[in-house]
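Report on the structure given below.
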Amino acid sequence: MSGTGFSEGDGLPEGWVSVRLADVISEPLVNGRSVRDHEGGFPVLRLTAIKDGWIDLSRSKQGAWTADDAAPFCVVEGDFLLSRGNGSLSLVGRGGVVGTVPAPVAFPDTMIRVRPDKRVLDSAFLRLIWQSRVVRSQIESRVRTTAGIYKLNQKIIEDIHLLLPPLGEQQRIVEALDPLLSRLDASASSLTSIQQRVPKLAGALRNASLGATGDPVYPLVPLSDVLEKVEAGKSFRCEARPAEAHEWGVIKVSAMTYGEFRSEEQKAVPTGHPIDERFEIKPGDILVSRANTREYVGAPVLVGDVRARLLLSDKSLRLVPLATTDKDWLISILSSPYVRRQISALASGTKDSMRNISQAALASVQVPVPPADMQAKVASELRSQLSEVHRVSQSVEKNARMARALRKALLRKAFSGCLVPQNADDEPATAALDRIRAERDARPNPQRTRARKTPVPGPTETPRTSTQQEPSL
């Protein structure tokens, strides 16, 4: 079956069946309802409550619901809640199981509730298979996009196909898989924590090596004292395409972002526009962005190999150091947290997405300057230390990739019938489904009744009192 991880020719393990989610739920899906915040109101889950396959009931807020309003949306143990929409494709449709419910709490309109039929689908098994590519591939191929938000509806969720083993085998899979995934997830969390600390470690090393920790070791001078000059590019009305090899191009702000120079980030200068070749970028240039995000404004990049006919823009500055100033040291000190904090404080602008720093402000930044004959040594020692940090970071990332790959392999093995032994005494999933269908078919069809419409009060009619009105959210 397409989109489920198995094709028609693959076949399924003995006793397994491919089913729609709609066929293995005990009642129709339910969308939550919108509720505004209200101090002292009924507890309502936040979307962030869906975490690692579970529902964290502590992640809630107080909403403007009474207990009666909230009653149809209160969760019970074993409920499975899904996110209906998100700005990230990887987060839309993620789900979690509700464990023990110590106190009543409702779910909001950002979630859909699924109640598995316990006779044929174990909620813990649903939690695990929902994390597999069997399900994710279907969600990602069917999700809808509106104004940059990925959205799911009940129809899409109902049509998700699951690979369903016998109930006994589901429980054995959960029993075998849960502790393995728990250990893997704990390891992945530790690796993520280490990765998040790497930039802080690198920053601390920069400050310490450059004598910028606490009271600076070296004399503080304005940045202008170690520069011969600062050159600014020009503003061009460029074409909305990159320049060809024979054409002149102007770098974009993105060429000086992310800590490295990206020469491909450029736009073509219109043919016939006058060119001042003094602003052509050369290998070895030190560039900073005059206008950028708070994180990157004024951050330096060193130009390596670069194509010919590439010009500075009006958003870029070229720093030309004195003959006595070591370039590697200058790059290092400008990248240190000690200097970066000064630049961020001096940058103007009301939005973090675009901050500006003037040449005068940049030139006034205070830098601790070692003697000229020590600068190269200081930069070399720092480079060696940062290289070791980078090596550790790469090792951590490699282990994180291995953990993710192992997790996927375990899920793939579990949902192909290869993780736990099968038991001939298990009732096949098809038999359980047939029995449930027969029970449903034997029930009398409920008669649909139309809700009576309340007449709109006329000029001579008495409106219903507030105690007669239907409750509203």
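All figures in this text were calculated on a predicted structure; none of them were measured in a lab.
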Candidate pair Arg20 and Asp159, rule side-chain contact (heavy atoms from CB on, under 4.5 Å), full reasoning = CA-CA 5 Å; Arg20 294 169 63 242; Asp159 285 339; 2.8 Å; yes
Please test Arg172 against Glu175 for salt bridge (charged side-chain N to carboxylate O under 4.0 Å, His left out), starting from the C-alpha separation and ending with a verdict.
-> CA-CA 5 Å; Arg172 291 194 298 277; Glu175 185 178 354; over 6 Å; no
Run the numbers on Met111 and Ile55 for side-chain contact (heavy atoms from CB on, under 4.5 Å), then give the verdict.
-> CA-CA 11 Å; Met111 298 180 185; Ile55 301 300; 5.5 Å; no
Evaluate side-chain contact (heavy atoms from CB on, under 4.5 Å) for Asp23 paired with Leu164, printing each intermediate quantity in order.
-> CA-CA 11 Å; Asp23 296 329; Leu164 193 71; over 6 Å; no
Report the C-alpha separation of Leu45 and Leu81 in whole Å, then their side-chain angles, then the decisive distance to 0.1 Å, and conclude whether the side-chain contact (heavy atoms from CB on, under 4.5 Å) test is met.
-> CA-CA 11 Å; Leu45 292 170; Leu81 301 180; 3.7 Å; yes
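Distance CG/Leu21 to CD1/Ile156: 13.0 Å, rounded to 0.5 Å. Between Arg206 atom CZ and Leu334 atom CG the span is 10.5 Å, to the nearest 0.5 Å. Rounding to the nearest 0.5 Å gives a distance of 10.5 Å between CZ of Arg404 and CG of Asn399. Within the model, atoms CG of Asn153 and CG of Asn31 stand 8.5 Å from one another, a figure rounded to the nearest 0.5 Å. Note that CD1 of Ile139 is 8.0 Å distant from OG of Ser83, once rounded to the nearest 0.5 Å. Distance CG/Leu302 to CD1/Ile331: 5.0 Å, rounded to 0.5 Å.
The closest donor-acceptor contact from the side chain of Glu140 to the backbone of Leu89 lies at 3.5 Å or more, if one exists at all. Using a distance-only test at 3.5 Å, with no hydrogens or angles considered, a donor-acceptor pair links the side chain of Ser187 to the main chain of Arg183. Under the 3.5 Å distance criterion, the side-chain polar atoms of Trp130 are matched with a main-chain donor or acceptor of Gly93. Of the possible donor and acceptor atoms, none in the side chain of Arg46 sits under 3.5 Å from a partner among the backbone N and O of Arg59. Side-chain N or O atoms of Arg84 include one that pairs as donor or acceptor with a backbone N or O of Asp109 at under 3.5 Å. Checking side-chain atoms of Ser190 against main-chain N and O of Ala186 turns up a donor-acceptor pair under 3.5 Å. No donor-acceptor distance shorter than 3.5 angstrom exists from the side chain of Gln266 to the backbone of Pro242, with no hydrogens or angles considered. Counting only distance, with no hydrogens or angles, the side chain of Thr192 and the backbone of Ala188 share a donor-acceptor pair below 3.5 Å. Here the side chain of Ser332 pairs a donor or acceptor atom with the backbone of Asp328 at under 3.5 angstrom. Using a distance-only test at 3.5 Å, with no hydrogens or angles considered, no donor-acceptor pair links the side chain of Arg127 to the main chain of Asp122.
With a 6.0 Å radius and a threshold of 12 heavy atoms from other residues, nucleotides or ligands, Arg307 has its CZ atom above the threshold. Atom CD of Gln62 sits in a crowded spot, with more than 12 heavy atoms from other residues, nucleotides or ligands closer than 6.0 Å. More than 12 heavy-atom neighbours from other residues, nucleotides or ligands sit within 6.0 angstrom of CD on Glu27.
Annotation: side chain of Leu411 is in contact with side chain of Leu181 (closest heavy-atom distance under 4.5 Å). Side-chain contact check for Ile333 versus Tyr338: every heavy-atom pair is 4.5 Å or farther apart. Residues Val392 and Val198 form no side-chain contact, since every pair of their non-hydrogen atoms from C-beta on lies 4.5 Å or further apart. In this structure, the side chains of Glu77 and Thr100 come closer than 4.5 Å at one or more pairs of heavy atoms. The closest side-chain heavy-atom distance from Ile251 to Leu287 is below 4.5 Å. For the pair Arg262 and Val301, the minimum side-chain heavy-atom distance is 4.5 Å or more. When side chains are defined from C-beta on, Asp79 does not count as touching Phe107, because their heavy atoms never get closer than 4.5 Å. A 4.5 Å side-chain heavy-atom check between Val134 and Leu162 finds every atom pair outside the cut-off.
Contact between Val253 and Asn292 at its shortest, heavy atoms only, is CG1-ND2, 3.2 Å. When all heavy atoms of Pro108 and Val44 are compared, the closest pair comes out as CB-CG1, 3.8 Å. When all heavy atoms of Leu433 and Val24 are compared, the closest pair comes out as CD2-CG1, 3.7 Å. What you find for Glu265 and Ser254 is that their closest heavy atoms are OE1-OG, 2.7 Å. Considering every non-hydrogen atom in both Leu312 and Phe236, the closest pair reads O-CE1, 4.3 Å. Across all their heavy atoms, Met354 and Asn356 have their closest contact at O-ND2, 4.2 Å.
Looking at residues two or more places apart in sequence or on another chain, you find a side-chain contact (heavy atoms from CB on, under 4.5 Å) between Gln422 and Pro13, Glu14, Trp16, Glu169. Every side chain to side chain donor-acceptor pair (under 3.5 Å) that Arg437 has, sequence neighbours left out, goes to Asp434.
Counted by atom type alone, Asp69 and Thr66 present one or more donor-acceptor pairs between their side chains at under 3.5 Å.
Salt bridge absent: Lys155 and Glu158 never bring a charged side-chain N and a carboxylate O closer than 4.0 Å.
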